[in-house]
Structure formats: structure tokens, C-alpha cells
Amino acid sequence: WVRKLTTPEGSGLRLEAMCDHMDHICQLAGNARHVGIGTDLDGGYGFEQTPGDLDSIHDLNRLPDLLRRRGWTESDISGALHGNFARFLREHLPADGSVQVNNLTARYGTLIVVGPKSRELLSRVSPNDLSEEAFPYLTAQEIEVGYSRVLALRVTYVGELGYEINVPAAALRRLWQDLVTLGREHGLRPVGMRAQDCLRLEKGYGIWSCEFSASNTPSQCGLSRYVAYDKGDFIGREAALKDRDVPPEDRLVLLRLSP
């Protein structure tokens, strides 16, 4: 479907249409290795971005049966729903075994603590040094939070001080309760993904498959500073260097409207 153009109201798009598109890609490629459906669909699950007969993300469970009726094998279905992404990564791992790929989705959950008092709040449940010097922006550390050892990332999408905390699933509920209890005196409130979207757009933070897609280059998006052009050979390096050296014809920018 075409984001913002193809909507349930405007076209009556259905899961069958997704299957038609997947079949078409398979016919072009000669196999099902290049088809993938992300579990959050368009990268930001929302009614305006999805087929009309999806009421929730769980409705994607109907896809396997639809594909079986079309003659898809179980291995092809598994690959399209999640395996092809992991396969691509594993096929490009260093031969020396220095990097491994493991799917830890079922083992961890994520809490995002964000706001000007997030460091103060998190320090009450962690003995680690969370200062700017010890834990700078765009870094990750294993720290103690509550009764668990977690992987914390000093990054958020809302343009404020904050942390993404990857917590073992068994400890997620307890940590949530501790943070909610301790956060009352700081005015802590739960927020949803749509609130986060509004805040990140105010900050000018784009996100994959919403503002950015595979058709956008780093220089178009203002992300060239995150590309290590000098690190040696990598997939897409030649195209990346061309993108760096030849100014793009258009750029993605944040639009500011004034009354």
C-alpha cells in the first residue's frame, strides 16, 4: 500500500492485496527470500497506514493461512514474517565469529524514561553513575536498575534527556511499578506512541518508514554524520560515497509554520 495515499477509507485495501504484492515480488525475484513483513507494519502502526481489515497488530496472525492457500511453504512463510531479516544479517556476519545474531525479542521488554527529571528518577533505582560525563548521549551501558541488570541506551526520540531501558521480561512489571511509585513526586505520567511521535516531529527527528525509506539517502535526510565513510569496505559504500560527494537534488527538512 502507499502510505497516506492508500487508506482503508479510500481504497478498501485488504490483507489479500498485501498477499498479491508479496506474490508479485516473489515472481520478480524467483524466490521468497526478498519478502519481509515487519511486526509493526509500516514502522509506526496506525490506522491510516494499514490494510482496512486489520483492527490490531494481532490480526497479522491471519497472514500465514492466507499465504498457505496460495501455495506458500512453511519455510517461506516463516522467512517472510521474520526470518528473512535475520537471514540477511547472518549471511553477512564476519567470518572470524566476532559478531553473533540472536533474536532476544521474547526475553526482553523496553521502558522509556524521558524528561528533564529522568536522570534524577532513574538514579533512585540505580547505583550506577548516570551523569553526562559517565553516560553520554548516544551510548549504551549495562547497569543495575531495581533488582535487574539491564541494557540502557542514552537516547530517545522526543528531544529530551532520557533513557531506553531493555529489561528482562520477568522483571519488567516490577520495574514499571517501582518507577511509577517513585515518579509520583516528580509528576511522572505514562505516555503513548502518538505523544512520542508529536514530540519527535517538533524536534525534527525522522524515523524509518515514516519520514525515511529505502529511497532516501543519508545526505537527503541530514544523517551523513552517522556514516563512517572511512571504516573500509561495506555494503553500499560506493553509493554512499557518491551520495556524499554529489549534492542531492532535494532534501527532507522540518517545516515550521508561523501564524
Side-chain angles (χ1 to χ4, degrees), residues 3-4 36-50 56-57 82 85 89 103-105 107-123 125-126 128 130-143 145-146 148 150-169 172 175-176 178-180 182-183 186-228 251-257:
R3 177 175 162 75
K4 294 185 179 178
I37 298 294
T39 54
D40 60 349
L41 294 177
D42 199 24
Y45 181 65
F47 183 69
E48 74 281 3
Q49 304 160 4
T50 55
S56 73
I57 199 67
H82 55 78
F85 300 112
L89 292 173
N103 187 348
L104 304 179
T105 303
R107 291 172 53 185
Y108 288 88
T110 302
L111 295 176
I112 301 174
V113 182
V114 62
K117 297 181 179 179
S118 56
R119 179 183 287 126
E120 181 181 346
L121 171 59
L122 199 57
S123 294
V125 290
S126 174
N128 294 83
L130 304 180
S131 66
E132 181 68 29
E133 296 73 23
F135 200 163
Y137 182 57
L138 290 182
T139 62
Q141 295 184 21
E142 285 194 352
I143 63 175
V145 177
S148 301
V150 307
L151 176 63
L153 282 66
R154 177 66 206 289
V155 62
T156 73
Y157 266 121
V158 304
E160 271 277 12
L161 172 67
Y163 305 83
E164 292 186 0
I165 308 171
N166 297 282
V167 190
L172 187 63
L175 180 57
W176 165 263
D178 289 344
L179 289 173
V180 168
L182 293 172
H186 299 292
L188 179 71
R189 292 187 301 169
V191 297
M193 292 296 292
R194 293 305 180 215
Q196 178 175 277
D197 271 348
C198 292
L199 292 169
R200 72 171 181 81
L201 288 173
E202 286 183 3
K203 187 68 174 179
Y205 287 167
I207 195 172
W208 174 256
S209 74
C210 287
E211 288 74 39
F212 306 149
S213 72
S215 62
N216 299 124
T217 67
S219 61
Q220 282 182 316
C221 305
L223 298 176
S224 297
R225 64 187 181 277
Y226 297 117
V227 180
R251 297 179 185 272
L252 290 172
V253 297
L254 178 65
L255 178 63
R256 180 174 182 176
L257 299 177

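Starting from 1, each residue takes its place in the sequence as its number.
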- request: Go through the steps to decide whether Gln196 and Val114 satisfy the test side-chain contact (heavy atoms from CB on, under 4.5 Å), and finish with yes or no.
  value: CA-CA 10 Å; Gln196 178 175 277; Val114 62; over 6 Å; no

Drop me the distance from [X]'s [atom1] to [Y]'s [atom2], to the nearest 0.5 angstrom.
X	Y	atom1	atom2	value
Leu188	Leu121	CG	CG	6.0 Å
Ile143	Arg154	CD1	CZ	11.5 Å
Tyr137	Thr156	OH	OG1	6.5 Å

Kindly say whether Ala134 contributes a backbone atom to a donor-acceptor pair with the side chain of Gln141 at under 3.5 angstrom? yes

**Asked** Side chain of Ser126, backbone of Asn128: donor and acceptor closer than 3.5 Å?
**Response** yes

Between Ser148 and Pro168, the two heavy atoms sitting closest are CB-CD, 4.3 Å

**Request:** Walk me through it: do Ile165 and Leu122 pass the test side-chain contact (heavy atoms from CB on, under 4.5 Å)?
**Result:** CA-CA 10 Å; Ile165 308 171; Leu122 199 57; 3.6 Å; yes

Contacts of Thr217 meeting side-chain hydrogen bond (donor to acceptor under 3.5 Å, both in side chains) (sequence neighbours excluded), chain-then-number -> Ser219, Asp243

For Arg200, the side-chain hydrogen bond (donor to acceptor under 3.5 Å, both in side chains) test, sequence neighbours excluded, returns Asp197, Glu211

Between [X] and [Y], is any pair of side-chain heavy atoms under 4.5 Å apart?
X	Y	answer
Thr110	Asn166	yes
Leu161	Pro116	no
Cys221	Tyr226	no

Phe135 meets the ring pair (Phe, Tyr, Trp, His ring centres under 6.0 Å) criterion, sequence neighbours left out, with Tyr163

Which of Asp178, Val125, Val167 passes side chain to side chain contact (heavy atoms under 4.5 Å, CB included) with Val145? Answer is Val125

- prompt: Less than 4.0 Å between a side-chain N and a carboxylate O, is that true for Lys117 and Glu160?
  reply: no

